Amino acid sequence: MSEILLGVGGGIAAYKSCDLLRRLQDLGHEVTVVPTPASLNFVGKATWEALSGKPVHTEVWEAVDRVNHVALGDRADYIIVSPATADLIARLSAGRADDLLSNSILASDAKKLIVPAMHPKMWFNAATQSNIRKLRELGFIVMEPDSGKLTGGDSGVGRLPESSAIIDKFNNEISVEQDLNGFKVLISTGGTREAIDDVRFIGNKSSGKQGLAFARIAKARGAEVVLISANVDTSREFGISIIKVENTEQLQSALQTEFPKCDVLIMAAAVSDAKPIPATGKVKKQSYSKLDLVPTPDLLADIAKQKNSQILVGFAAEESANLLQEGKRKLAAKSLDFIYANDIASGSIFGSDTTSGLIISAREDEIEEIHQISKESLATRLLNKVSERLNSPNV
Ligand code: CTP
């Protein structure tokens, strides 16, 4: 399949990359391991050579005749660095080349996935956060570490993500075709907030994770991405245009401007169906017992009326029993090409990293059942259908 260079940094999580290596091989990839010299304190050369079946070097001064510092990066289709320590991240963000791994990365055009693991204090240190930002600006895909128990008894953000999550990220954002190159994808994400007064609002539980997953993956597949973000932290996103909105009215006006320019609209935002007439100042508690609401327009249904050749993807949040019926009803009522009917029965959809539901296509009533997959994988499956339609519009 592909040639992968697996870089291993000097952290205790290095042992977990033995499992990652195996899983990449199981998927059919050829993996060459390049550990940093420091990482050999945790997992020795012999282990990597035995597992990869290839010679393992750490310094540019070994096997000089093979010009490994250029050849390894040149040959790689993809580079994964797992674990990436604070020091390694600092070196990479500065463009240093002081061991074989950093040399190979500097000399490679391959897509690069960085999987950090370190103590929370090192992770949240402003220097590390600034280095991470720099790496993302440079085009590296950097995963967020997991939260949980760490070596030494502490707990917090800094654990290496599970191998399955790293593979998921790799499959969805790294090892992808540029099939959306030349297309403009407009995505809305998050949840609108409608002001009750100057300090209170009506909101919803949408975390924005699904829309962010669409944005990252569409970008990784070559699309020009415009993200309309309703109350979501977008500080970790790079390479996409972001329009920040708070309420339904602002979301509507952003859609009006951007929709005519896009090829695809993915309407993942949870939009308020009604809003109060906001009071000025702060309503005192004696008068705070009843709210009068006025309906908001259905933004998706309205924008669909201006559709030219755009592909429209909508969402529906439904109880399991209503999934199919309500999904189909909203698909038709809002003139959509695809709808994802999200099963909210388990109560874990909002803020969760996984999702279950039904993808319903308007053409031929095609239905695909989705059971507990990552929001990234759902984005990939839906974008596959969108891409098929974009690349062969008449089929
Ligand atoms: N939507 C919209 N404008 C609204 C409400 C919803 O554009 N005022 C969009 C959402 O972004 C989503 C789709 O319509 O893509 C379905 O949203 P959902 O809340 O499931 O459906 P509603 O039409 O609001 O119906 P109900 O709340 O009665 O289930």
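Everything numeric here is computed off the predicted structure, so don't read it as measured data. Both counts, for ligands and for their atoms, begin at 1 and track the order of listing.
- With a heavy-atom cut-off of 4.0 Å, Ala269 touches ligand 1 through its backbone alone.
- Nearest heavy atoms, Ala110 versus Ser108: N-OG, 3.0 Å.
- Near Pro297, meaning under 4.0 Å from any of its heavy atoms, are these atoms of ligand 1: 3 (N), 4 (C), 8 (N).
- In terms of polar-atom proximity, defined here as any N/O pair under 3.5 Å, Ala268 makes no such contact with ligand 1.
- Checked for salt-bridge contact, Glu224 and Lys219 miss the test: no charged N lies under 4.0 Å from a carboxylate O.
- Atoms of ligand 1 found under 4.0 Å from any heavy atom of Asp273 (numbered from 1 in listed order, with element): 4 (C), 5 (C), 8 (N), 24 (O), 27 (O).
- Taking only non-hydrogen atoms, the option from Lys334, Met267, Glu319, Gln252 nearest to atom 6 (C) of ligand 1 is Lys334.
- For atom 7 (O) of ligand 1, the closest non-hydrogen atom of the protein is Leu300 N, 2.8 Å.
- At a threshold of 4.5 Å between non-hydrogen side-chain atoms, the residues Leu265 and Phe259 count as touching.
- Listed by chain and number, the residues in a side chain to side chain donor-acceptor pair (under 3.5 Å) with Gln306 are Gln256 (sequence neighbours excluded).
- Using a 4.0 Å cut-off to heavy atoms of Gly314, the atoms of ligand 1 that qualify are 15 (O).
- One N or O on the side chain of Ser392 and one on the backbone of Glu388 form a donor-acceptor pair closer than 3.5 Å.
- Residue Arg329 has no N or O atom closer than 3.5 Å to an N or O atom of ligand 1.
- Here's the thing with Phe315: one of its N/O atoms is less than 3.5 angstrom from an N/O atom of ligand 1.
- Near Ser272, meaning under 4.0 Å from one of its heavy atoms, ligand 1 places the atoms 8 (N).
- Among all heavy-atom pairs drawn from Asp19 and Ser163, the shortest one is OD2-OG, 2.6 Å.
- Using a cutoff of 4.0 Å between basic side-chain nitrogens and carboxylate oxygens, Lys111 and Glu173 are not scored as salt-bridged.
- Proximity of the aromatic rings of Phe170 and Tyr78 is defined here by a centroid distance below 6.0 angstrom, and this criterion is met.
- The shortest N or O to N or O distance between Ala316 and ligand 1 is not under 3.5 Å.
- Under a 4.5 Å side-chain heavy-atom cut-off, the cluster of Ile, Leu, Val, Met, Phe, Trp and Tyr residues that includes Val157 is completed by Leu5, Val34, Val60, Trp61, Leu72, Ile79, Val81, Leu88, Ile89, Leu92, Leu100, Leu101, Ile105, Ile114, Met118, Met122, Trp123, Phe124, Ile132, Leu135, Leu138, Phe140, Val142.
- Heavy atoms of Glu326 found under 4.0 angstrom from ligand 1: none, in either backbone or side chain.
- In terms of protein heavy-atom proximity, atom 18 (P) of ligand 1 is nearest to Lys330 NZ, 3.6 Å.
- Of the protein's heavy atoms, none falls inside 4.0 Å of atom 28 (O) of ligand 1.
- Within ligand 1, counting atoms from 1 as listed, the ones closer than 4.0 Å to a heavy atom of Ala317 are 20 (O).
- Residues Ile228 and Leu186 form a side-chain contact, since some pair of their non-hydrogen atoms from C-beta on lies under 4.5 Å apart.
- Of all protein heavy atoms, the one lying nearest to atom 3 (N) of ligand 1 is Leu299 N, 3.0 Å.
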